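What follows is a short report on a single structure.
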Amino acid sequence: MRVTVRLFARLRDITGAPELVKEAAPGDTIGSIWRQLVTQYPELAGYERSISSAVNADYARMDQQLRDGDEVAFLPPVSGG
Amino acid sequence: MVATPLLTIGPAALAIEPLVAAIGGNAGADGAVVTFLGLVRNHNLGRAVTYLEYEGYEPMALRAFERIDAEIAARWPGVRLALHHRIGRLEIGEASVAIVTASAHRADAFAACRYAIERVKHIAPIWKREFFEGGDVWIEGATADPDDARARAEAERVACA
């Protein structure tokens with residue numbers, strides 16, 4: 001199955017792409033996708049403790065399992081206002 | 001004419017008056033309307049800021065605003081909220097966020113307005129990139145977690161101080 005990954009702010013600068021498509025296996029979680037990304041872009045490792053994540057534009061925990069077509073987002077610490 | 005939505009995020013310039021009009025007078029039952037505008041400041045942490053760029057995950061930001069609206073309705077029953085956040089390039093002095101609360105009594109309207117901006121800073125998936133003389137930097141504030149009860153309690157504490 002495939003999921004779309006959205007990246008914002010400095011995470012997007014690190015990866016050079018606002019959006020990536022990743023292959024995922026049944027049982028894969030948000031955390032699995034994050035670990036794939038960190039392997040591909042080691043600079044992301046510094047965000048391990050400070051990112052938030054979302055699935056289909058709703059906050060979700062890293063252990064949430066993914067379904068085909070999900071949109072996963074990784075959010076660095078926010079600074080709106 | 002299209003009605004002004006109560007909660008939005010987008011590139012359009014912000015103004016308070018349309019929000020005040022949109023939130024309405026509650027058929028005469030309101031006793032207070034509180035307004036807040038957040039502005040782009042020309043200095044930050046000793047740096048001379050030249051402009052800011054705001055980026056948002058728009059559909060999720062809108063849901064965060066709805067969550068803030070629901071939190072306010074639970075904490076201050078009867079208070080109504082309007083909240084607009086701007087994204088894109090903003091110059092010094094321009095408004096990045098506009099918040100209006102309305103209530104029968106001023107205390108609740110003031111508290112809810114302050115609470116709303118604190119919660120935007122906690123849980124809205126929005127980021128600002130600061131351009132200053134000599135460089136630029138993404139500003140990273142709070143790790144966003146809407147279920148963090150401590151952050152929510154802290155927002156309520158400053159709102160009611």
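Order of the sequence lines fixes the chain letters, A, B, ..., with proteins taken first and strands second; residue numbering starts at 1 for each chain. Keep in mind that what you see is a predicted model, and the values were worked out from it rather than measured.
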Query raised in the report: Is a side-chain donor-acceptor pair under 3.5 Å present for A/Arg10 with A/Tyr47?
Result: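 Per modelled atom types, A/Tyr47 and A/Arg10 side chains form a pair under 3.5 Å.
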Can you tell which part of [X] gets under 4.5 Å to a heavy atom of chain A, answering side chain, backbone, both or neither?
X        : result
B/Ile87  : neither
B/Ala124 : backbone
B/Trp138 : side chain
B/Ile139 : both
B/Tyr57  : both

Query raised in the report: So with a 6.0 Å cut-off around OH of A/Tyr41, is the heavy-atom count from everything else above 12?
Result: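 Buried by this count: over 12 neighbours within 6.0 Å.
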**Report entry** B/Arg89 charged N/C atom sitting above B/Tyr51 aromatic ring, 6.0 Å / 45°
**Finding:** yes
Report task. Among B/Glu140, B/Arg129, B/Arg86, single out the residue with the greatest number of heavy-atom pairs under 4.5 Å to chain A. Result -> B/Glu140
Report task. For chain B, find which of A/Ser52, A/Ala54, A/Gly80, A/Ala57 contributes the most heavy-atom pairs closer than 4.5 angstrom. Result -> A/Ala57
Requested in this report: For residues B/Leu81 and B/Leu7, determine if any side-chain heavy atom of one lies less than 4.5 Å from a side-chain heavy atom of the other.
Outcome: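 Counting from C-beta outward, B/Leu81 and B/Leu7 do come under 4.5 Å.
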Query raised in the report: From A/Glu71 CD over to B/Met60 CE, what is the distance, rounded to the nearest 0.5 angstrom?
Result: 10.5 Å
Query - Residue part contacting chain B, namely of A/Asp13, when any heavy atom lies under 4.5 Å - result: side chain
Requested in this report: Please state whether the rings of A/Phe8 and B/Trp127 are parallel, tilted or perpendicular, taking 30° and 60° as the class boundaries.
Outcome: parallel
